[in-house]
Amino acid sequence: MNAPSLFRNRFLQTILLSSVLLQVGIWVRNFAILLYVAERTNNDPYAISLISVAEFAPIFVFSFIGGTFADRWRPKRTMIWCDLLSAVSVFVVLLTIHFGSWHSVYLVAFISAILSQFSQPSSMRLFKYHVPEEQLQQGMALFQSLMAIFMVLGPMLGTFVYSTFGLEISIAVMGLVFLLSAVVLIRLPEDHMQSQAAAVKGQFRKEFIEGFRYVWQSQVLRMLGLAFILAGLAVGVAQALNLFIVTERLGRSKEFLQYLLMVNGAAMLIGGGIVAAFAKRVPPQILLAIGMIAGAVCTAIVGYSTSVPLTLTVQFLNGLVFPCIHIGISTMILKWSEASIVGRVNGVLNPMFVGMMVVSMSFAGALKGAFSLGTIYSGAGLLFLLGALVMVPIMNQKAPDNTHIAQET
C-alpha cells in the first residue's frame with residue numbers, strides 16, 4: 001500500500017485536524033497560565049510549579065481509570081463528549097476568573113488533563129481500528145511531526161495571544177477550539193464498536209486489573225514499562241531545570257528558553273519526517289533504543305555546556321532523534337496490544353512515564369541545591385542509557401499477528 005493512501009484515510013484526516021485545534025488551545029492555555037501566574041506572584045517558584053502539578057497529576061491518577069472506560073465505551077462518542085465537556089468547563093472557569101478568583105486558572109489545566117485521559121486512549125483504539133498495520137508507524141510519525149510543529153509555533157502563538165489580548169481572551173480561545181474539535185470529530189467514521197457498559201456491568205474492577213495483568217504477562221510491554229519509568233525520571237529533571245541551563249550555564253535571560261524550545265521543535269519536525277520515510281524498515285524497538293541513546297548523550301552535554309552555539313546544536317540533534325522515542329513507544333503499544341485492551345494498556349503504561357516525570361520534577365529543586373547542573377544532567381543521561389539497555393532482550397521480537405483489525409476507510 002503506497003503512502004498517499006494514508007492521507008486519504010478519513011479517520012486520519014479528521015483526527016489530525018482535531019489535533020491541530022487542540023494543540024492551539026493547549027499552547028495558548030499553557031503560556032497564558034504560565035505568564036499570568038508569573039506576573040501575579042512575582043515569579044514565585046511554588047506557584048509556578050503548581051501549574052505542572054495541575055497539568056500532570058490528573059494524568060497519573062486518572063489514566064488507569066480513563067483507559068478502562070475507553071475500552072468499554074464507544075470511542076468516537078467518548079472523544080466528542082470529552083471535548084464538549086472540556087469546552088464547557090473552560091467557559092465556567094472563565095466566569096469565575098472574571099469575577100475575581102484568579103486561582104481558578106489552575107482548574108483550566110486540571111479539568112482538561114482529566115478529560116484527556118478518557119479521550120486519548122479512545123483515540124488510540126480508533127487508530128488501531130482504522131489504520132492498516134503496515135501504516136501504523138507512519139501514522140504515528142505524522143502525529144509526531146504535528147507535535148513538533150507546535151513545539152516551534154506554540155510558544156510564539158501562546159505568548160502573542162496572551163500579551164495582545166490578556167488572560168480571559170486566551171482562556172476563551174481554548175474553550176472555542178475545544179468546541180470546534182468536538183464538531184470536527186463528528187466526521188469520524190463510525191467505529192462499529194458496541195458500548196460494553198451494559199454487558200459487563202459491575203465488571204469494572206476485573207477489567208481494571210486485567211489491564212495490569214496483560215502488560216505484566218507480555219515481556220515486550222513489561223520492558224516498555226521499565227523504559228517508560230527511566231525516561232520519565234530523566235525527562236522530568238531535565239524539563240524542570242531547563243530554565244537554569246539558560247540563566248546559569250549560558251548566562252542568558254529566561255526569555256532565551258523559548259529559542260531552545262523552538263530549535264528543539266524544528267528538529268523534531270524534521271526528525272518526524274525522516275522517521276516517517278523510513279518507518280516501515282525499522283522495528284519500533286530499535287527506534288526507541290536509538291532515541292534513548294541519543295537522549296543520553298545530548299542531555300549530558302547540555303548539562304556541562306557553557307557555549308550557546310554548542311547547546312543549540314545539541315538541542316537540535318536531540319530534537320532530530322527524539323521522534324524515535326515517541327513513535328517507537330506508540331507503535332509498540334498498538335502492535336503488541338489486542339484492539340479490545342488498547343485503552344487499558346495505554347492507561348497502565350502512560351502513568352509510569354508521567355508519574356516518574358512528576359516525581360523527578362518535584363525533586364529537581366532539592367537536587368539543584370545539592371549537585372551541580374552538570375552532575376544532575378549526567379544522571380538524567382544515564383537513566384536514558386539504562387532505558388536503551390532495557391530494549392536489548394526484546395530487540396528481535398516480532399509483533400503477534402492477531403492483534404490488528406484495521407479497516408480500510
Side-chain angles (χ1 to χ4, degrees), residues 63-64 67 70-71 120-145 147 211-232 234-235 271-272 274-276 278-295 321-357 383-406:
S63 187
F64 303 109
D71 282 339
Q120 197 264 344
S122 296
S123 173
M124 291 279 277
R125 280 189 76 197
L126 285 178
F127 207 101
K128 188 171 180 71
Y129 190 80
H130 289 295
V131 179
E133 185 168 7
E134 64 272 16
Q135 293 184 330
L136 280 178
Q137 204 149 292
Q138 285 178 301
M140 284 299 159
L142 278 176
F143 270 94
Q144 180 61 51
S145 298
M147 298 302 110
F212 287 89
R213 187 182 295 121
Y214 190 91
V215 171
W216 184 253
Q217 288 174 348
S218 166
Q219 186 192 11
V220 169
L221 295 177
R222 208 164 56 236
M223 292 298 103
L224 188 57
L226 184 52
F228 256 51
I229 289 169
L230 294 165
V235 169
I274 293 170
V275 175
F278 294 99
K280 288 184 182 178
R281 304 177 201 171
V282 185
Q285 305 98 300
I286 293 177
L287 274 183
L288 179 54
I290 290 170
M292 298 281 257
I293 291 168
V321 184
F322 188 80
C324 293
I325 295 178
H326 176 84
I327 295 163
I329 284 171
S330 301
T331 306
M332 286 171 73
I333 289 175
L334 286 173
K335 285 194 170 187
W336 269 272
S337 305
E338 293 176 22
S340 62
I341 204 167
V342 165
R344 278 166 285 175
V345 171
N346 191 70
V348 169
L349 292 175
N350 199 35
M352 292 183 184
F353 178 81
V354 176
M356 290 304 107
M357 195 166 82
L383 290 169
F384 271 126
L385 188 60
L386 290 172
L389 292 174
V390 162
M391 292 292 103
V392 173
I394 60 170
M395 207 58 89
N396 295 318
Q397 289 212 23
K398 303 289 184 187
D401 294 329
N402 60 348
T403 58
H404 194 73
I405 54 168

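Worth saying up front: this structure is predicted, and the values here are computed from it rather than measured.
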Is the backbone of Leu221 close enough, under 3.5 Å, to the side chain of Tyr214 for a donor and an acceptor to pair up by distance? no
Hey, what do you get for CD1 (Ile329) to CD1 (Ile333), rounding to the nearest 0.5 Å? 7.0 Å
Rounded distance [0.5 Å steps], CE in Met352 versus CG in Leu349: 5.5 Å
What donor-acceptor contacts under 3.5 angstrom involve side-chain atoms of residues 284-293, with partners at least two apart or in another chain?
from   : atom 1 : to     : atom 2 : distance (Å)
Gln285 : NE2    : Ile394 : O      : 3.0
Gln285 : NE2    : Gln397 : O      : 2.9

Side chains of Trp336 and Val345: closer than 4.5 Å at any heavy-atom pair? no
Separation of Phe322 CZ from Ile327 CD1 (nearest 0.5 Å): 10.5 Å
Mind listing the side-chain donor-acceptor pairs of residues 222-232 below 3.5 Å, one per line with the distance, residues two or more places apart or on another chain?
from   : atom 1 : to     : atom 2 : distance (Å)
Arg222 : NH1    : Trp216 : O      : 2.5

